[in-house]
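Data first, discussion second: the structure below is written as structure tokens.
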Amino acid sequence: MTILVTGAAGFIGFHVVRALLERGEDVVGIDNINDYYDPVLKLARLERLQHPRFRFRRVDIAERQAVAALAEPSLDGIVHLAAQAGVRHSITAPFDYAASNLVGHLAILELARALPGLRHLVYASSSSVYGGNAPPFAETDRVDTPLSLYAATKRADEMMSYAYAHLYGIAQTGLRFFTVYGPWGRPDMAYFSFAEAILAGRPITVYDGGRLRRDFTYIDDIVAGVLGCLDRPPSGTPPIRLMNIGNNRSESVADLVALLEQGLERRAVVVDAPRPAADVVETRADVSAIAALTGFAPSTPLAEGMARFVAWFREWKDGRFSDALAGPAMSPGRRPAG
Ligand SMILES: NC(=O)c1ccc[n+]([C@@H]2O[C@H](COP(=O)([O-])OP(=O)(O)OC[C@H]3O[C@@H](n4cnc5c(N)ncnc54)[C@H](O)[C@@H]3O)[C@@H](O)[C@H]2O)c1
């Protein structure tokens, strides 16, 4: 069984590839290793994925011929995670979202269409599609009021996927991720950029007095949910479904800051600011659908997950992973914390 993972050098992609390799799959990973955040982190992740059953290709999913050339009959699953992520960046660089999230998603759908043996395409959507809805968010809620272009592109992906499931019978699951965090995480996300600023003694900007709430989901719980869904392609008509994948509780940004202060043993210098229009007040996932399908049961409390992130982050900042750029990966002694 060969699985194609797009965004393999990214945060979630890295962890998903690692889990697939660990359970014995052959994996083809693609990524364009763009510089939305420091590519050194992406390359370090890739170095740690070196494995006889892992092949990596540098491909931009917005280049449809390059994506079409990935069609090989042995592919029976796709986990499509490559995207231009981030809510706020979509205000300054909207066309990056059109290229990666709209054209790129379509290129992956066309690839799936060219693979008659493909069992399942699992793709990343986002909790941001719920816009200003009142939590908890359920898959049956109306989602036609996105608060950012990022959210609008993710919702568009869901629509395009529906059409392809209807027209061509491509079995698909769209996963609405809720604020994923953990070791090897994303430097543009608040928990990571806060940790960097706190360690450097720089102020952090916290919106609305830290009262915004997020359903923070630890990466290991996410990976378990992604693989659980990948193993269970939908068989309805059309063969498609959407799944929330979150921690099923919301915690305040103020609590997050306190946990980071505790882990880093430093006080944060907090600058308060009003909530930007693209940021929602609260996210909280109803996860009953994915729980019923896969037994998904997120088990990592924020305090524990943040402690694991901070342990990894300190090592990363100390350069203790710089050897990752030179040596073989996947050896037990070189795993990140968590
Ligand atoms: N992390 C979260 O909290 C979160 C929440 C909701 C949704 N998501 C979605 O989950 C997916 C994975 O997110 P992540 O946190 O791992 O982000 P990430 O930015 O770390 O990973 C995405 C990867 O895709 C690659 N990529 C971007 N555009 C590409 C293109 N045109 N061609 C090829 N590769 C490209 C990037 O280089 C990056 O390595 C994304 O689709 C994201 O929108 C993530």
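Both counts, for ligands and for their atoms, begin at 1 and track the order of listing. Just the heavy atoms: all of them, side chains too, but no hydrogens, waters or symmetry mates, feed the values below. Everything quoted here is computed from the prediction, not taken from an experiment.
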Region of Ser125 that comes within reach of ligand 1 [heavy atoms, distance under 4.0 Å]: backbone
Tyr97 and Tyr150 aromatic ring geometry - parallel, tilted or perpendicular at 30°/60° bounds: perpendicular
Numbered atoms and elements of ligand 1 in range of Asn34, under 4.0 angstrom, heavy atoms: 26 (N), 27 (C), 28 (N), 36 (C), 37 (O)
Top protein contact for atom 13 (O) of ligand 1, by heavy-atom distance: Ile12 CD1, 3.9 Å
Nearest neighbour of atom 27 (C) of ligand 1 from the list Ala82, Ser126, Ser100, Ala83, on a heavy-atom basis: Ala83
Close-contact set for ligand 1 against Leu81 heavy atoms, below 4.0 Å: 11 (C), 12 (C), 40 (C), 41 (O)
Non-hydrogen atom of Tyr150 closer than 4.0 Å to ligand 1: yes
Ala124-ligand 1 polar pair, N/O distance under 3.5 Å: no
Nearest-neighbour protein heavy atom for atom 32 (N) of ligand 1, which is reported as residue plus atom name and distance: Ile61 N, 2.9 Å
Closest to atom 31 (N) of ligand 1 (judged by heavy-atom distance), picking from Asp60, Val67, Val79: Asp60
Minimum-distance protein heavy atom relative to atom 5 (C) of ligand 1: Phe177 CB, 3.7 Å
Under 3.5 Å: N/O of Gly10 near N/O of ligand 1: yes
Per-atom contacts, ligand 1 versus Gly7 - under 4.0 Å to a heavy atom: 23 (C), 24 (O)
Close approach, Arg176 and ligand 1, non-hydrogen under 4.0 angstrom: no
Steps toward side chain to side chain contact (heavy atoms under 4.5 Å, CB included) verdict (Val253, Arg211): CA-CA 6 Å; Val253 172; Arg211 283 185 295 276; over 6 Å; no
Sub-3.5 Å N/O-N/O distance, Met189 and ligand 1: no
Ligand 1 contact by Val59, heavy-atom criterion under 4.0 angstrom: yes
Option nearest atom 26 (N) of ligand 1 (shortest heavy-atom distance, choices Thr283, Asn32, Val103): Asn32
Shortest non-hydrogen contact between Phe54 and Ala8, atoms and distance: CZ-CB, 4.4 Å
Within-shell test, Gly104 vs ligand 1, heavy atom, strictly < 4.0 Å: no
Close approach, Ala99 and ligand 1, non-hydrogen under 4.0 angstrom: no
Numbered atoms and elements of ligand 1 in range of Ile33, under 4.0 angstrom, heavy atoms: 37 (O)
Atom 19 (O) of ligand 1: the protein heavy-atom neighbour that sits closest, reported with distance to 0.1 Å: Tyr37 CE2, 3.5 Å
Protein heavy-atom partner closest to atom 3 (O) of ligand 1 - residue, atom, separation in Å: Val180 N, 2.7 Å
With Phe192, the ring pair (Phe, Tyr, Trp, His ring centres under 6.0 Å) member among Tyr181, Phe11, Phe309, Trp316: Phe309
Ligand 1-proximal atoms of Thr217, by part, heavy-atom distance under 4.0 Å: neither
Heavy-atom pair of closest approach, residues Ala165 and Pro239: O-CD, 3.7 Å
Sub-4.0 Å atoms of ligand 1 with respect to non-hydrogen atoms of Thr179: 3 (O)
Sub-4.0 Å heavy-atom approach of His80 to ligand 1: no
Polar atom proximity, Asp31 to ligand 1 (N or O, under 3.5 Å): yes
Validation row: Thr179, Tyr191 side chains within 4.5 angstrom (heavy atoms): no
Option nearest atom 15 (O) of ligand 1 (shortest heavy-atom distance, choices Glu63, Arg186, Gln84): Arg186
